[in-house]
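To keep things clear, I will list the structure first and then write my remarks on it.
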Amino acid sequence: IADSVRSAEWAFEQVSERKLLIEFTYLITHGQMLAERLSDQVREMELLKEDHAKLHVLRLISVAQTYDASITIRSILKNVKFEADPDSTLASLQGEYILCNEGRCEGLHYVRSQHLADLLHKVVPFKETVAELISILDVENLEVFLRSAFLDNSLDRTRLLQVLIDRCRKESLETTTRIVKALYTVS
């Protein structure tokens with residue numbers, strides 16, 4: 001138990017709204033809330049003027065995971081402007097924020113990804129990251145992403161549908177059919 005934790009009861013009260021074991025465990029062992037720690041880490045990246053691509057990658061992966069999707073490394077390399085070596089940048093995020101296996105990247109943990117998605121959208125509109133993901137996800141992950149994202153009533157579906165229409169104009173009939181079927185399962 002961390003020195004700053006008064007008691008297990010106190011720690012439970014701090015996380016009682018969400019009642020998540022990962023939050024409770026992190027608070028008990030580290031003495032601060034997971035969101036606070038992630039906020040400190042993001043602030044440190046900004047202060048150290050690390051490659052801005054790190055935050056872009058985290059923004060994309062955290063929002064993708066929020067809607068049950070992962071991103072191919074190929075899509076990341078094609079759509080993120082890296083200042084430093086992409087391999088080194090992704091490796092620096094591996095294990096702490098993301099997991100990259102078999103050509104795909106996803107968040108380390110769903111709750112961490114939710115916190116990161118919130119932290120990384122203070123100015124950048126969340127819907128813009130969702131729109132970007134609609135444009136860059138591979139078809140398999142796009143299907144999963146759409147099924148989940150279009151259930152989220154807080155998103156502007158009109159904007160997302162326009163991005164999706166633009167994407168479908170560039171895709172094959174087979175891919176467009178898969179996208180329409182994914183949307184159909186939401187309704």
Side-chain angles (χ1 to χ4, degrees), residues 2 4 20-23 25-146 148-149 152 155 160 163-164 166-167 170-171 175:
S4 62
L20 296 172
L21 183 59
I22 187 174
E23 297 274 14
T25 304
Y26 195 88
L27 179 58
I28 283 281
T29 58
H30 293 85
Q32 71 180 143
M33 297 292 286
L34 181 57
E36 292 169 359
R37 175 64 182 144
L38 291 170
S39 179
D40 291 346
Q41 289 174 327
V42 167
R43 193 173 318 109
E44 187 176 331
M45 283 183 214
E46 292 167 341
L47 290 173
L48 294 173
K49 300 194 187 302
E50 293 188 26
D51 187 349
H52 295 285
K54 276 188 176 184
L55 296 178
H56 190 187
V57 167
L58 288 176
R59 189 175 292 115
L60 291 171
I61 291 174
S62 64
V63 173
Q65 183 162 15
T66 299
Y67 296 113
D68 304 320
S70 62
I71 306 176
T72 64
I73 292 173
R74 181 173 183 245
S75 288
I76 292 170
L77 295 174
K78 186 176 177 184
N79 295 287
V80 175
K81 291 178 175 69
F82 289 89
E83 297 166 15
D85 176 62
D87 190 66
S88 297
T89 301
L90 291 172
S92 72
L93 299 171
Q94 177 82 356
E96 180 70 22
Y97 305 100
I98 65 173
L99 295 174
C100 296
N101 293 310
E102 299 178 11
R104 297 190 174 280
C105 293
E106 61 185 23
L108 185 66
H109 188 281
Y110 183 78
V111 173
R112 290 176 67 94
S113 291
Q114 283 182 315
H115 286 310
L116 284 168
D118 291 341
L119 287 168
L120 297 171
H121 290 92
K122 291 188 186 325
V123 176
V124 174
F126 188 83
K127 67 181 178 183
E128 292 305 316
T129 303
V130 172
E132 183 178 1
L133 286 164
I134 288 172
S135 297
I136 70 171
L137 286 174
D138 63 289
V139 180
E140 287 177 27
N141 277 288
L142 181 60
E143 289 175 291
V144 172
F145 184 81
L146 292 174
S148 202
D152 184 346
L155 292 176
L160 301 182
V163 173
L164 199 52
D166 292 343
R167 166 96 187 245
K170 300 172 194 167
E171 296 290 352
T175 298

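Here the structure is a predicted model, which means the values were calculated and not measured.
Without hydrogens or angle criteria, Q65 side chain to G107 main chain gives a donor-acceptor distance under 3.5 Å. At least one donor-acceptor pair under 3.5 Å links the side chain of D51 to the backbone N or O of E83. Of the possible donor and acceptor atoms, one in the side chain of N141 sits under 3.5 Å from a partner among the backbone N and O of S70.
The side-chain heavy atoms of I61 and Y97, taken from C-beta on, include no pair separated by under 4.5 Å. In this structure, the side chains of D40 and E44 stay at 4.5 Å or more apart for every pair of heavy atoms. Looking at heavy atoms from C-beta onward, N79 lies out of side-chain contact with L60 at the 4.5 angstrom threshold. Within the 4.5 Å cutoff, the side chain of Y67 has heavy atoms near those of the D152 side chain. Here the side chains of V63 and L120 are not in contact, with every heavy-atom distance at 4.5 Å or above. With contacts defined as side-chain heavy-atom distances shorter than 4.5 Å, the pair L137/L146 does not qualify.
Between the side chains of T72 and D138, no donor-acceptor pair of N or O atoms lies under 3.5 Å.
Between the SG atom in C105 and the CG atom in L90 there is a gap of 5.5 Å [rounded to 0.5 Å]. Rounding to the nearest 0.5 Å gives a distance of 11.0 Å between OG of S88 and CG of L93. S92 OG to I98 CD1: the interatomic distance, rounded to the nearest 0.5 Å, is 8.0 Å. Taking CZ of R167 as the reference point, atom CG of L160 lies at 13.5 Å (rounded to 0.5 Å). In this structure, the separation between CD on E143 and CG on D68 is 13.5 Å, given to the nearest 0.5 Å. The distance from the CD1 atom of I136 to the CG atom of L142 is 10.5 Å, given to the nearest 0.5 Å.
More than 12 non-hydrogen atoms from other residues, nucleotides or ligands lie less than 6.0 angstrom from CD of E96.
Among all heavy-atom pairs drawn from H109 and V111, the shortest one is ND1-N, 3.0 Å. A117 approaches F126 most closely through the heavy-atom pair CB-CE1, 4.1 Å. Closest of all the heavy-atom pairs between I73 and C100 is CD1-CB, 4.2 Å. When all heavy atoms of L108 and G95 are compared, the closest pair comes out as CD2-O, 3.4 Å. Nearest heavy-atom pair across V163 and A131 is CG1-O, 3.4 Å.
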Give the intermediate values and the outcome of side chain to side chain contact (heavy atoms under 4.5 Å, CB included) for residues I76 and F82.
CA-CA 10 Å; I76 292 170; F82 289 89; 3.7 Å; yes
Which is it for T89 and V57 under the side chain to side chain contact (heavy atoms under 4.5 Å, CB included) test, yes or no, and what are the steps along the way?
CA-CA 9 Å; T89 301; V57 167; 5.6 Å; no
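Under the side-chain contact (heavy atoms from CB on, under 4.5 Å) rule, Y110 has a single partner from Q114, E106, R112, which is Q114. In summary, of the residues considered (H56, K127, R59), a side-chain hydrogen bond (donor to acceptor under 3.5 Å, both in side chains) with E132 occurs for H56 alone.
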